[in-house]
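Predicted, not measured: the structure shown is a model, and the values here were computed from it.
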Amino acid sequence: MTNIAVLVSGRGSNLQAIIDSIESGYLKSRIAVVISDVGDAYALTRAKKHGIEAIFVNPKKFASKELYEKEILGVLKTHNIKLVLLAGYMRILGKTLLEAYKNRILNIHPALLPAFTGLHAQKQAFDHGVKVAGCTVHFVDEILDCGPIILQRCVEVKEDDTDETLADRILEQEHKIYPEAVKLFVENRLRIEGRKVKVIKS
Ligand code: GAR
């Protein structure tokens with residue numbers, strides 16, 4: 001059973017999708033700990049409701065990103081974590097975590113990467129006038145929203161969409177592809193070859 005840690009900053013609907021996938025038996029893994037950089041993130045409440053250890057690590061208490069990440073790393077090691085999921089975690093990872101968990105950190109991003117990186121990706125796409133938007137699960141590397149892509153899903157932009165209705169429909173797809181990507185990882189079916197991720201058939 002793969003021990004997973006989920007890093008969050010906010011409402012935690014993607015965390016919930018992973019929890020649900022585990023509880024339904026779709027994902028054969030265990031979330032050992034949820035870590036938030038925001039004290040009142042609803043994601044922490046969701047974790048506790050499901051009996052998962054939920055920890056707030058306050059970045060303001062640390063003099064540098066390195067020290068902050070060393071604290072997180074300590075938590076990950078204590079829980080024997082094999083896979084780290086970023087689920088609405090709104091911080092750029094530094095070397096400390098990236099090197100310790102190379103190719104073992106995944107992120108969900110609400111756009112079809114490499115388009116619309118960074119914050120408010122759905123609004124960026126909507127304001128740009130795209131006809132097709134979507135979401136991406138990718139490995140995390142040192143460049144923001146840039147690591148090798150595991151899965152993507154398209155969402156059509158409708159004439160009467162607002163950036164919010166579009167974001168809602170993208171989120172529905174996020175909740176599907178994140179558990180799918182995690183399943184591929186924990187079943188050891190992903191091979192990174194340069195920028196490409198090959199999926200081994202089951
Ligand atoms: C999700 O839409 C996720 O893709 C996005 O934040 C939201 C978190 O929602 N992440 C990013 O923009 C990262 N660059 P959630 O807390 O309900 O899962």
Just jot down the side-chain contact (heavy atoms from CB on, under 4.5 Å) partners of Lys123, sequence neighbours excluded, or say none.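 With sequence neighbours excluded, Lys123 shows a side-chain contact (heavy atoms from CB on, under 4.5 Å) to His120, Asp127, Asp163, given in chain and number order.
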
Polar side-chain atom of [X] near backbone of [Y] as donor-acceptor pair, under 3.5 Å:
| X | Y | result |
| --- | --- | --- |
| Arg30 | Ile22 | no |
| Ser9 | Met90 | yes |
| Thr162 | Thr165 | yes |

Reported [atom1]-to-[atom2] distance for the pair [X] and [Y], which is rounded to 0.5 angstrom:
| X | Y | atom1 | atom2 | answer |
| --- | --- | --- | --- | --- |
| Ile72 | Thr96 | CD1 | OG1 | 9.5 Å |
| Leu27 | Met1 | CG | CE | 10.5 Å |
| Asp20 | Leu15 | CG | CG | 9.0 Å |
| Leu184 | Arg191 | CG | CZ | 11.0 Å |
| Asn188 | Thr2 | CG | OG1 | 9.0 Å |
| Leu93 | Asp141 | CG | CG | 10.0 Å |

Taking the side chain as every heavy atom from C-beta outward, state whether [X] and [Y] have any pair of such atoms under 4.5 Å apart.
| X | Y | answer |
| --- | --- | --- |
| Ile18 | Asn14 | no |
| Ile19 | Val6 | no |
| Ile149 | Val197 | no |
| Tyr101 | Leu73 | yes |
| Val199 | Leu190 | yes |

Set of residues satisfying salt bridge (Lys or Arg N to Asp or Glu O under 4.0 Å) with respect to [X], sequence neighbours excluded:
| X | result |
| --- | --- |
| Asp145 | none |
| Glu164 | none |
| Arg46 | none |
| Lys61 | none |

Salt bridge (Lys or Arg N to Asp or Glu O under 4.0 Å): which pairs involve [range], sequence neighbours left out?
| range | value |
| --- | --- |
| residues 32-42 | Asp37-Arg91 |
| residues 193-202 | Glu193-Lys198 |
| residues 170-186 | Arg153-Glu180, Lys183-Glu187 |
| residues 64-88 | Glu66-Lys70 |

What are the two closest heavy atoms between [X] and [Y], and how far apart are they?
| X | Y | result |
| --- | --- | --- |
| Ile170 | Ala133 | CD1-CB, 4.0 Å |
| Ala181 | Ile150 | CB-CG2, 4.0 Å |
| Leu98 | Glu142 | CD1-CA, 3.7 Å |
| Gly12 | Ala43 | CA-CB, 3.7 Å |
| Leu44 | Val34 | CD2-O, 4.2 Å |

Does Ile177 form a side chain to side chain contact (heavy atoms under 4.5 Å, CB included) with Cys135? I'd like the steps, not just the answer. CA-CA 8 Å; Ile177 64 167; Cys135 48; 3.7 Å; yes

Residue pairs, two or more places apart or on separate chains, that pass side-chain hydrogen bond (donor to acceptor under 3.5 Å, both in side chains) and touch residues 48-59: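 Non-adjacent pairs meeting side-chain hydrogen bond (donor to acceptor under 3.5 Å, both in side chains): Gln16-His50, Glu23-His50, Tyr42-Lys49, Glu53-His79.
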
According to side chain to side chain donor-acceptor pair (under 3.5 Å), who are the partners of Ser13, at least two apart in sequence or on a separate chain?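 Side chain to side chain donor-acceptor pair (under 3.5 Å) check on Ser13 returns His175.
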
Please say yes or no: joined through hydrophobic side-chain contacts below 4.5 Å, possibly via intermediate residues, are [X] and [Y] part of one cluster?
| X | Y | answer |
| --- | --- | --- |
| Phe185 | Val182 | yes |
| Val186 | Val84 | no |
| Ile35 | Val140 | yes |

Side-chain atoms of residues 102-114: list all donor-acceptor pairs with protein atoms under 3.5 Å, sequence neighbours left out, distances to 0.1 Å.
from	atom 1	to	atom 2	distance (Å)
Arg104	NH2	Ala100	O	3.3
Asn107	ND2	His138	NE2	3.1
His109	NE2	Phe116	O	2.7

